[in-house]
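Structure record follows, encoded as structure tokens.
Below, each value reflects all heavy atoms present in this structure, side chains not excepted, and no hydrogens, waters or symmetry copies. In this chain, residues are counted from 1 in sequence order.
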Amino acid sequence: QVQLVESGGDLVQPGGSLRLSCVASGSIFVINAMGWYRQAPGKQRELVATITNGGSTNYADSVKGRFTISRDNAKNTVYLQMDSLKPADTAVYYCNADVLSGRYAFGNYWGQGTQVTVSS
């Protein structure tokens with residue numbers, strides 16, 4: 001069993017910054033891609049950013065230039081640095097990871113989510 005635990009969500013004013021963290025634990029051999037998704041009230045869950053094991057990144061157009069995804073493979077952790085936050089960024093942010101937990105055991109896992117609220 002693999003668990004993803006997010007932290008760092010908070011209430012912040014427009015233009016402010018937050019840094020989200022997600023730590024994977026459990027039966028882990030290798031973590032391939034990791035990513036962040038978000039879901040605003042009444043909206044579909046959407047991709048925010050992804051990062052491969054080799055460090056290749058991909059961002060949604062709405063956050064490009066403002067958000068930065070990174071990872072620390074030794075700590076099984078992925079981060080999302082969010083700068084110049086806007087009210088439209090308000091959502092529950094979810095961590096996602098593709099995990100190889102055994103020679104033939106590969107799965108996709110989600111965290112519980114962390115609330116980010118951008119408001120004046």
Side-chain angles (χ1 to χ4, degrees):
Q1 189 72 21
V2 175
Q3 295 184 71
L4 304 179
V5 179
E6 300 109 326
S7 63
D10 206 350
L11 171 65
V12 65
Q13 295 183 8
S17 297
L18 286 174
R19 184 176 178 85
L20 306 183
S21 299
C22 172
V23 181
S25 62
S27 183
I28 299 171
F29 181 67
V30 174
I31 302 178
N32 191 13
M34 302 186 79
W36 290 94
Y37 295 72
R38 67 186 183 187
Q39 188 167 23
K43 303 294 184 180
Q44 299 287 331
R45 186 175 297 186
E46 65 175 353
L47 172 70
V48 176
T50 60
I51 184 168
T52 68
N53 196 23
S56 180
T57 59
N58 183 59
Y59 297 92
D61 289 340
S62 59
V63 307
K64 196 172 299 181
R66 300 187 297 119
F67 291 9
T68 303
I69 189 171
S70 62
R71 63 190 290 171
D72 186 333
N73 291 332
K75 298 179 180 179
N76 290 331
T77 301
V78 63
Y79 305 94
L80 185 68
Q81 178 66 43
M82 304 185 293
D83 299 320
S84 301
L85 283 162
K86 307 173 180 179
D89 296 319
T90 295
V92 177
Y93 284 70
Y94 296 91
C95 179
N96 178 265
D98 294 324
V99 179
L100 180 66
S101 58
R103 185 172 183 177
Y104 303 107
F106 181 81
N108 183 264
Y109 299 88
W110 291 92
Q112 80 290 342
T114 184
Q115 177 70 51
V116 172
T117 302
V118 185
S119 177
S120 60

task: Look only at the side chain of Gln13 and the backbone of Ser120, and say whether a donor-acceptor pair between them is shorter than 3.5 Å.
output: no
- line: Residues pairing under side-chain hydrogen bond (donor to acceptor under 3.5 Å, both in side chains) where one sits in residues 62-71, two or more places apart or in two chains, turn out to be Arg38-Ser62, Asp61-Lys64, Arg66-Asp89, Arg71-Asn73
side-chain contact (heavy atoms from CB on, under 4.5 Å) partners of [X], counting only residues at least two apart:
X: Val30; value: Asn53, Leu100
X: Ala88; value: none
X: Ser17; value: Gln81, Asp83
X: Ser21; value: Ser7, Tyr79

message: Taking CD in Gln3 as the centre, count heavy atoms belonging to other residues, nucleotides or ligands within less than 6.0 Å. Is the count above 12?
response: no
task: Might you confirm whether atom CZ of Phe106 has over 12 heavy atoms from other residues, nucleotides or ligands at distances under 6.0 Å?
output: yes
Under the rule for side-chain hydrogen bond (donor to acceptor under 3.5 Å, both in side chains), what residues qualify as partners of [X], not counting sequence neighbours?
X: Gln39; value: none
X: Gln115; value: Thr117
X: Ser84; value: none

query: What disulfide (SG to SG under 2.5 Å) pairs are there with at least one residue in residues 27-71, not counting sequence neighbours?
result: none
field: Qualifying disulfide (SG to SG under 2.5 Å) pairs with a residue from residues 17-77, counting only residues at least two apart or across chains
entry: Cys22-Cys95
Residues clustering with Val48 (ILVMFWY side chains joined when closer than 4.5 Å, directly or via others): Val2, Leu4, Val12, Leu18, Leu20, Ile28, Ile31, Met34, Trp36, Ile51, Tyr59, Val63, Phe67, Ile69, Val78, Leu80, Met82, Leu85, Tyr93, Val99, Tyr109, Val116, Val118
message: Filter on salt bridge (charged side-chain N to carboxylate O under 4.0 Å, His left out), then keep only pairs touching residues 17-33, sequence neighbours left out; what's left?
response: none
